[in-house]
**Q** 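My questions all concern the structure below.
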Amino acid sequence: MVKKERISGFTSRVLAVVRRIPPGRIATYGDVARMAGRPRAARAVGNIMRNCNRPDVPCHRVVAAGGRLGGYGGNLGLKRSLLRAEGLVVVGSRIREANARRWPGPGP
DNA sequence: CTGCTGACTGGTA
DNA sequence: GTACCAGCCAGCA
């Protein structure tokens, strides 16, 4: 049975933003929070990702700031493989910023 | 309502 | 380079 999920405005917005991330592009929790309308809600975004049981939401494209993978329940190996499969170069839990272009977002 | 947790960030040591 | 601290926000008991 389908469970009724309580999606608040902010949560829905965050999920939508992550879904909008094109392949080969990454966004940090802070960026996602900023696109969702709460530039300081990086933590809240992490909590939402934690519940990201949605295949529509490529949570592996959401990384921590400073080019670090972060999150993913510590399964950085899986995250690293997924990102690498998308054309991003990852070295030791660290994304090569030269190859990792941050998603420009909707733009101001 | 209050309090705690956490897939975060930036700064300082 | 790593370690610790304080601030911010949403979800849940």
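So you know, we letter chains A, B, ... as the sequences are listed, proteins then strands, and number each from 1.
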**Q** Dot-bracket, DNA chain C: Watson-Crick or G-U, under 3.5 angstrom, [ ] crossing, | other strand?
**A** .||||||.|||||
**Q** Which whole-number value in Å describes the distance from A:Tyr29 OH to B:dG10 C1'?
**A**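 Answer to the nearest Å: 17 Å.
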**Q** Between A:Val62 and A:Leu82, is there shared hydrophobic-cluster membership here, with clusters defined by ILVMFWY side-chain heavy atoms closer than 4.5 Å?
**A**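 Each belongs to a different hydrophobic cluster.
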**Q** What are the two closest non-hydrogen atoms of A:Tyr29 and A:Gly71, and how far apart are they?
**A**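 In this case the closest contact between A:Tyr29 and A:Gly71 is OH-CA, 3.9 Å.
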**Q** Nearest whole angstrom, please: distance from the C1' of B:dT5 to the CE of A:Met49.
**A**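 Spelled out: CE on A:Met49 to C1' on B:dT5 is 18 Å.
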**Q** Kindly indicate whether the side chain of A:Asn51, heavy atoms from C-beta on, has any atom under 4.5 Å from the side chain of A:Asn47.
**A**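 Not touching, per the 4.5 Å side-chain cut-off.
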**Q** Between A:Gly66 and A:His60, which is nearer to the 5' end of DNA chain B once each is assigned its nearest nucleotide?
**A**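 The 5'-side residue here is A:His60.
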**Q** With a 6.0 Å cut-off (strictly less than), is the heavy-atom count around CZ of A:Arg61, excluding the residue itself, greater than 12?
**A**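 Yes - once you tally the heavy atoms of other residues, nucleotides and ligands closer than 6.0 Å, there are more than 12.
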**Q** Please report the interatomic distance CG(A:Leu76) to CZ(A:Arg94), rounded to the nearest 0.5 Å.
**A**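 The distance works out to 11.0 Å.
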**Q** Does A:Ile95 reach the side chain of A:Leu69, with side-chain heavy atoms less than 4.5 Å apart?
**A**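 Yes, their side chains come closer than 4.5 Å.
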**Q** When you compare the side chain of A:Arg102 with that of A:Thr28, does any pair of heavy atoms fall below 4.5 Å?
**A**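 Answer yes - side chains close enough.
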**Q** Which letter, B, S or -, goes with each nucleotide of nucleotides 5-10 of chain C from 5' to 3', with contact meaning a protein heavy atom under 4.0 Å?
**A** --BBBB
**Q** Over all heavy atoms of both residues, which pair between A:Leu88 and A:Asn99 is shortest? Give the atoms and the distance, please.
**A**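 Here A:Leu88 and A:Asn99 meet closest at CD2-O, 3.5 Å.
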